[in-house]
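Worksheet: one structure, shown below.
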Amino acid sequence: EVQLVESGGGLVQPGGSLRLSCAASGFTFSSYNMHWVRQAPGKGLVWVSRINSDESDTTYADSVKGRFTISRDNAKNTLYLQMNSLRAEDTAVYYCARHGVPAGFDYWGQGTLVTVSS
Amino acid sequence: QSALTQAPSASGSPGQSVTISCTGTSSDVGGYNYVSWYQQHPGKAPKLMIYEVSKRPSGVPDRFSGSKSGNTASLTVSGLQAEDEADYYCSSYAGSNTYVFGTGTKVTVL
């Protein structure tokens, strides 16, 4: 069974940093591109970042470029999102998602809440 | 990277059909046959319902169908059931390995 389990969320002050993790199991993690998607409270889904299977290529939404870094450890079956210079508008549930079908996200984690507030 | 446009709400009675539209530009929806649709119940993670405009993952009922014309994609739910009440989001590939989601549509089963 495919499972994605996010962790690392919490309360952080504006300007602070946080690292999210997404532990993957039930599939060959190293064979799949992975993504982070976020959802502010009561708002819609927003694509954040993508990393390819061997970590040789990453892409970001304009709103997080230069502040967030996506990475992965295929030996540990884990996806990461390093978030720096956090702003109030980064407050959201962050989901990791598997890119398992062409341009589609076929499995999602349960999400981890990041709250940026003083 | 502007969000794709969806109507905020749609509704239908049990057994009826409802169609949700998703409008983008030639740089996303209109430029690629890479539109997907997601269903999200309150407090839950999104679930993939349609990918590549009209393909259904295994396990998704054939009551769900997708199409595209120009810069607008559509999701139709036929034979509405109570459990179809949820938020629905479209997503499109937007080039250069970036993606964009729609604003979301809340479907209510009357």
Side-chain angles (χ1 to χ4, degrees), chain A residues 1-6 9 22 24 27 32-66 68 70 89 92-113, chain B residues 1-9 20 22 24 27-29 31-60 66 68 73 75 86-106:
Chain A
E1 178 194 6
V2 171
Q3 281 200 314
L4 298 170
V5 180
E6 301 95 337
C22 169
F27 66 102
Y32 291 85
N33 295 352
M34 297 293 295
H35 297 254
W36 287 99
V37 176
R38 70 184 182 184
Q39 186 171 35
K43 303 297 185 182
L45 301 172
V46 176
W47 176 80
V48 172
S49 182
R50 160 212 165 263
I51 187 168
N52 70 343
S53 58
D54 67 3
E55 203 176 6
S56 62
D57 186 58
T58 59
T59 49
Y60 299 91
D62 289 342
S63 58
V64 306
K65 202 174 295 184
F68 289 11
I70 190 172
E89 54 264 36
V93 173
Y94 285 73
Y95 295 100
C96 63
R98 189 181 83 165
H99 186 148
V101 295
F105 317 118
D106 62 342
Y107 284 94
W108 297 65
Q110 85 288 350
T112 187
L113 176 62
Chain B
Q1 295 182 343
S2 298
L4 308 176
T5 300
Q6 299 180 236
S9 62
I20 304 164
C22 167
S27 296
D28 37 61
V29 175
Y32 310 93
N33 286 322
Y34 287 141
V35 175
S36 53
W37 289 91
Y38 302 86
Q39 177 191 67
Q40 187 181 35
H41 288 108
K44 301 295 187 181
K47 175 186 176 182
L48 177 67
M49 305 302 286
I50 295 286
Y51 68 99
E52 283 189 285
V53 176
S54 60
K55 297 180 179 179
R56 274 179 292 105
S58 60
V60 172
K68 192 189 86 166
L75 173 73
D87 293 326
Y88 290 83
Y89 295 90
C90 61
S91 175
S92 175
Y93 181 67
S96 301
N97 290 314
T98 65
Y99 296 80
V100 60
F101 280 93
T103 51
T105 298
K106 181 177 180 59

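Here the structure is a predicted model, which means the values were calculated and not measured. So that the names make sense, note that chain A is the first sequence line, chain B the second, and so on, each numbered from 1.
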For [X], which atoms come within 4.5 Å of any heavy atom of chain A: side chain, backbone, both, or neither?
{"X": "B/S96", "result": "backbone"}
{"X": "B/Q40", "result": "side chain"}
{"X": "B/T98", "result": "both"}
{"X": "B/K44", "result": "backbone"}
{"X": "B/Y32", "result": "neither"}
{"X": "B/P57", "result": "neither"}

Counting only heavy atoms closer than 4.5 Å, note whether [X] contacts chain B via side chain, backbone, both or neither.
{"X": "A/Y107", "answer": "neither"}
{"X": "A/V37", "answer": "side chain"}
{"X": "A/D57", "answer": "side chain"}
{"X": "A/F105", "answer": "both"}

Approximate separation, where rounding is to 0.5 Å, of A/H35 NE2 and B/Y99 OH: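 Taking NE2 in A/H35 and OH in B/Y99, the distance rounds to 4.5 Å.
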
Locate the shortest heavy-atom distance separating B/S36 from A/A103; write the atom from each residue and the value.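 So the two residues come closest at OG-O, 3.7 Å.
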
Closest non-hydrogen atom pair, A/P102 against B/Y34: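 Looking at all heavy atoms of both residues, the closest pair is CB-CE2, 3.9 Å.
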
Residue selection (most heavy-atom pairs with chain A, distance under 4.5 Å) from B/A94, B/S92, B/A45: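 Highest number of pairs under 4.5 Å: B/A45.
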
Would you indicate whether the side-chain heavy atoms of A/W47 and B/S91 approach each other to under 4.5 Å?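 A side-chain contact is absent here, since even the closest heavy-atom pair is not under 4.5 Å.
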
Using side-chain heavy atoms (C-beta onward) and a distance below 4.5 Å, is A/Q39 in contact with B/F101?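 No, their side chains stay 4.5 Å or more apart.
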
Without swapping roles, check the side chain of A/T59 against the backbone of B/N97 for a donor-acceptor pair under 3.5 Å.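 The answer is yes, because a donor-acceptor pair under 3.5 Å joins these two groups.
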
